[in-house]
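Here is how names work: the chains are called A, B, and so on, in the same order as the sequence lines, proteins then strands, and each is numbered from 1. Values reported hereafter were calculated over all heavy atoms of this structure, with side chains retained and with hydrogens, waters and symmetry mates removed.
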Protein chains: 2
Amino acid sequence: MDKSPLITSNHSALFQIDVYVVVFTLRENRLQVLLNDLPSAGAWQIPGLALPTDLSLEETAAQCVAKYTGLHEAYLEQLYTYGDPDRNAVSVVYFALVPADSLLTPLDESAADWFPVDTLPPLILDHGDILTYALRRLRYKLEYSAVGFELLPDYFSLSELQSTYEIILGEKLDKRNFRRRILQAGIIESTPRRRTGEGRPAQLYRYRPDAVAEVKARRLFP
Amino acid sequence: MDKSPLITSNHSALFQIDVYVVVFTLRENRLQVLLNDLPSAGAWQIPGLALPTDLSLEETAAQCVAKYTGLHEAYLEQLYTYGDPDRNAVSVVYFALVPADSLLTPLDESAADWFPVDTLPPLILDHGDILTYALRRLRYKLEYSAVGFELLPDYFSLSELQSTYEIILGEKLDKRNFRRRILQAGIIESTPRRRTGEGRPAQLYRYRPDAVAEVKARRLFP
DNA sequence: GCAAAAGTGTTACAGTTACACCCATGG
DNA sequence: CCATGGGTGTAACTGTAACACTTTTGC
């Protein structure tokens, strides 16, 4: 097994690398997170995979999302890397956002389930802290970058988007101000589609993949 | 060698983990970064150490700073973790801020040197990109959190602090606005000390270790 | 025609920027 | 007494927050 050519270590320690993914979605009007049952510990854990030799960290994270949700695309962002001196493993943690409607695909045989972020089961080790941190980062991110639509289907109404923000941030937002800002930010664009249902039909919007966004963007929400 | 109890991997790959630290300081009125000569490659690299079994990631980063600067305390923050599928090593990158005046301590025998961030030598691999990213993160951080004083001695004048910000952000700031904001933010406090020299003596300030700061703090600078 | 959700502008306020002069010391 | 850097307040402006009614559809 080759060593990195750049750093020669004295006692050349080797580690297993675990890639964990905190997967968020929006179900039943609540922000929920995917957890994996670990009966041997009588507790739940954030789903993860050991890094294999032939995949990058992000590919492994994506594969982890696929394994537990059936989705082969998701918004992924690296969160933090934890290294315990005790056990010789290092944990690289990502967070992912997946749209709830696409989750009909059955889960893997593995015993994973969704939990609202405010009513979590007992978690192993420091996974509770990691979740808390992930949630904080998600809220921060939302405030100045507008990733909310990652939790929605490709086409969505502004009311749905606003509701997403309200659920995650945990506060009511002003409808007119919300629309003005989100449109001024230029990250979504209106489409000819409309959603019909109760009340007046809603114009549908979609993400503009070419949006630069976030670069030097002011905070969008208070 | 034990495996992590949480994730059982099929082909149980093991990796060397390299901890790199992008060390920034302020010398000669320029933001400078510490680099390590790698004559075999004819290029320079970000200083790093292989993670040993008995240290945490952050401890290893701190030790790396100590090795190359002689400083046993520094502001440290995790930046990003890079995983190449090619070579079987994973790189956890930190950035550090060290006050220039404390650097009189001689460097390790290793061939490390300081370079202004705008005139870098050839760098190995993706270290140039990593540096660019570290610099962006430093600027972001400075804008809303006020870590500038980490580059200054314990006691400093407001003019020195302002100059620090101007050098890093690359733009002139208004003296009165700067003072008002930095004081309102409540992260530094005035001390009885004064610095004498040319012109009127300056009141000296120091960091308030008890400052909560940054939590929900608005951006401090444009 | 009414219930239900979508859509739309303006005003008051707060925070930010721009700006110029006096002060304390050392030489 | 003068050169040098330290220190101070206000007014115009810009961005943000608060707010209520009209529109379109399904039933």
Next item on the list: Would you indicate which nucleotide in dG7(C), dA4(C), dG7(D) comes nearest to any side-chain atom of Ala202(B)?
Entry: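 Nearest to the side-chain atoms of Ala202(B), counting from C-beta on, is dG7(D).
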Notebook entry, point to check: Can you tell which of dT25(C), dA18(D), dG7(C) lies closest to the side chain of Arg194(B)?
Noted result: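 Of the candidates, dT25(C) comes closest.
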For [N], take OP1 and OP2 only and decide whether either is under 4.0 Å from a side-chain N or O of [X].
X         : N       : result
Thr196(A) : dT25(D) : no
Arg179(B) : dG7(D)  : yes
Ser159(B) : dG5(D)  : no

Between [atom2] of [N] and [atom1] of [X], the distance in whole Å:
X         : N       : atom1 : atom2 : result
Leu173(A) : dT16(D) : CG    : C1'   : 14 Å
Asp174(B) : dA11(D) : CG    : P     : 16 Å
Phe178(A) : dG9(C)  : CZ    : P     : 18 Å
Asn177(B) : dC13(D) : CG    : P     : 16 Å

Check: Which residue, Leu76(A), Leu151(A), Leu26(A), forms the side-chain contact (heavy atoms from CB on, under 4.5 Å) with Leu97(A)?
Finding: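 Among Leu76(A), Leu151(A), Leu26(A), the one meeting side-chain contact (heavy atoms from CB on, under 4.5 Å) with Leu97(A) is Leu151(A).
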Margin query: With side-chain contact (heavy atoms from CB on, under 4.5 Å) as the test, pick out the partner of Tyr94(B) among Leu57(B), Leu79(B), Val65(B), Val22(B).
Written below: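 By the side-chain contact (heavy atoms from CB on, under 4.5 Å) criterion, Tyr94(B) pairs with just one of Leu57(B), Leu79(B), Val65(B), Val22(B): Leu57(B).
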Next item on the list: Look at the side chain of Arg180(B) against the base of dT10(D) and say whether a donor-acceptor pair falls under 3.5 Å; ignore hydrogens and angles.
Entry: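 Answer is yes: a donor-acceptor pair is held.
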Note to self: Given the structure, check if the side chain of Arg200(B) and the base of dA3(D) hold any donor-acceptor pair shorter than 3.5 Å.
What the structure shows: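 Such a pair does not exist between side chain and base.
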Check: When rounded to the nearest 0.5 angstrom, what is the spacing between CG in Asp118(B) and CG in Leu31(B)?
Finding: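 The distance works out to 8.5 Å.
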Next item on the list: Enter the distance from Leu158(B):CG to Phe178(B):CZ here, rounded to the nearest 0.5 Å.
Entry: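 Spacing of CG (Leu158(B)) from CZ (Phe178(B)) equals 7.0 Å.
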